[in-house]
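Below: the structure, in structure tokens.
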Amino acid sequence: MFIQTEATPNPATLKFLPGREVMGEGHVADLPDAEAGKRSPLAMRLFAVDGVAGVFLGSDFITVTKSGGEWQHLKPALLGAIMEHFTSGAPILFGDAGGEASAHAEHEGENAEIVAQIKEVLDTRVRPAVAQDGGDITFQGYEAGVVFLNMQGSCAGCPSSTVTLKRGVENMLKHYVPEVTEVRAV
């Protein structure tokens with residue numbers, strides 16, 4: 001098994017590509033701490049490596065966030081844990097712990113058409129780019145021109161996420177959906 005790694009814009013995260021499906025298309029599992037990681041045999045192996053602070057499981061990638069230490073020291077242990085997991089035949093998540101559908105929050109009411117446009121822009125233009133960087137962004141709400149988004153994986157806590165959110169996502173949404181006046185992370 002050959003596992004590739006990619007740097008992300010967040011220096012505290014590293015993206016691992018095991019060359020096979022992790023969660024499957026359209027599903028993710030955000031495991032921001034060891035307690036949440038108890039849902040996943042894979043995450044438990046990764047959290048057992050000293051210095052791991054968070055794990056995000058994407059369709060075909062794993063993003064690991066470190067709390068300290070250098071990647072050159074952490075990476076071999078993480079590669080070993082990932083390889084050990086996939087060769088063991090253990091599930092990614094325990095039985096009914098299922099991954100979240102990588103979906104947006106529901107929104108009904110008078111702004112349903114605007115929200116549908118926002119979700120379309122996010123799904124076609126924003127999320128594919130963010131997934132390449134080892135993260136995900138989902139719609140959480142819309143109120144009086146303000147769009148609320150949830151940032152996961154390498155996006156959560158990334159030093160450049162505020163710039164990406166304001167200059168990238170906000171500008172794009174304002175362009176395609178004129179009713180949008182601001183974007184905020186939740």
Side-chain angles (χ1 to χ4, degrees), residues 1-104 122-138 149-161 163-165 168-169 185:
M1 175 176 200
F2 179 71
I3 303 169
Q4 294 180 298
T5 60
E6 290 180 2
T8 71
N10 184 346
T13 65
L14 191 61
K15 182 178 175 183
F16 294 83
L17 299 149
R20 60 178 62 180
E21 187 175 88
V22 177
M23 290 297 294
E25 196 61 41
H27 287 83
V28 300
D30 188 22
L31 309 165
D33 54 43
E35 184 63 31
K38 291 180 180 177
R39 297 177 29 210
S40 165
L42 172 56
M44 286 174 35
R45 290 178 200 262
L46 295 169
F47 279 113
V49 175
D50 191 36
V52 171
V55 175
F56 180 81
L57 306 173
S59 59
D60 63 349
F61 66 89
I62 302 151
T63 302
V64 176
T65 304
K66 66 181 176 117
S67 59
E70 297 297 323
W71 283 118
Q72 64 197 28
H73 301 298
L74 294 170
K75 190 172 159 182
L78 295 171
L79 288 167
I82 293 168
M83 189 171 300
E84 184 179 292
H85 175 80
F86 281 106
T87 57
S88 76
I92 298 296
L93 296 173
F94 285 115
D96 62 350
E100 305 89 42
S102 182
H104 305 294
L122 290 172
D123 286 342
T124 59
R125 300 187 178 272
V126 177
R127 293 176 76 198
V130 171
Q132 287 182 339
D133 286 340
D136 196 15
I137 294 180
T138 56
L149 301 175
N150 182 31
M151 302 174 78
Q152 301 174 321
S154 66
C155 297
C158 177
S160 62
S161 66
V163 173
T164 300
L165 200 61
V169 178

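Since the model is a prediction, treat every value here as computed from it, not as a measurement.
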[X] and [Y]: which non-hydrogen atoms are nearest, and at how many Å?
X: S88; Y: R45; answer: OG-NH2, 3.4 Å
X: A29; Y: M23; answer: CB-CE, 4.1 Å
X: P18; Y: F61; answer: CD-CA, 4.3 Å
X: G37; Y: A43; answer: O-CB, 3.7 Å
X: M151; Y: A185; answer: SD-CB, 4.0 Å

As an exercise, state the distance from [atom1] of [X] to [atom2] of [Y], rounded to the nearest 0.5 Å.
X: K66; Y: N10; atom1: NZ; atom2: CG; value: 9.5 Å
X: T63; Y: L14; atom1: OG1; atom2: CG; value: 8.5 Å
X: D133; Y: E6; atom1: CG; atom2: CD; value: 8.5 Å
X: D30; Y: F56; atom1: CG; atom2: CZ; value: 6.0 Å
X: S59; Y: E21; atom1: OG; atom2: CD; value: 8.0 Å
X: K38; Y: F47; atom1: NZ; atom2: CZ; value: 11.0 Å

[Y] backbone acceptor or donor facing [X] side chain under 3.5 Å:
X: R127; Y: I137; answer: yes
X: S40; Y: I92; answer: yes
X: S67; Y: V52; answer: no

For a 4.5 angstrom cut-off between non-hydrogen side-chain atoms, does [X] reach [Y]?
X: L79; Y: T5; result: yes
X: V169; Y: L122; result: yes
X: L78; Y: I62; result: no

In this structure, are over 12 heavy atoms from other groups packed under 6.0 Å from D33 atom CG?
->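 Buried by this count: over 12 neighbours within 6.0 Å.
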Could you give me the CA-CA distance, side-chain angles and deciding distance for L93 and R39, then say whether side-chain contact (heavy atoms from CB on, under 4.5 Å) is met?
-> CA-CA 6 Å; L93 296 173; R39 297 177 29 210; 4.2 Å; yes
Given V22, I3, L46, the one that forms side-chain contact (heavy atoms from CB on, under 4.5 Å) with F16 |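 Looking at V22, I3, L46, the match for F16 under the side-chain contact (heavy atoms from CB on, under 4.5 Å) is I3.
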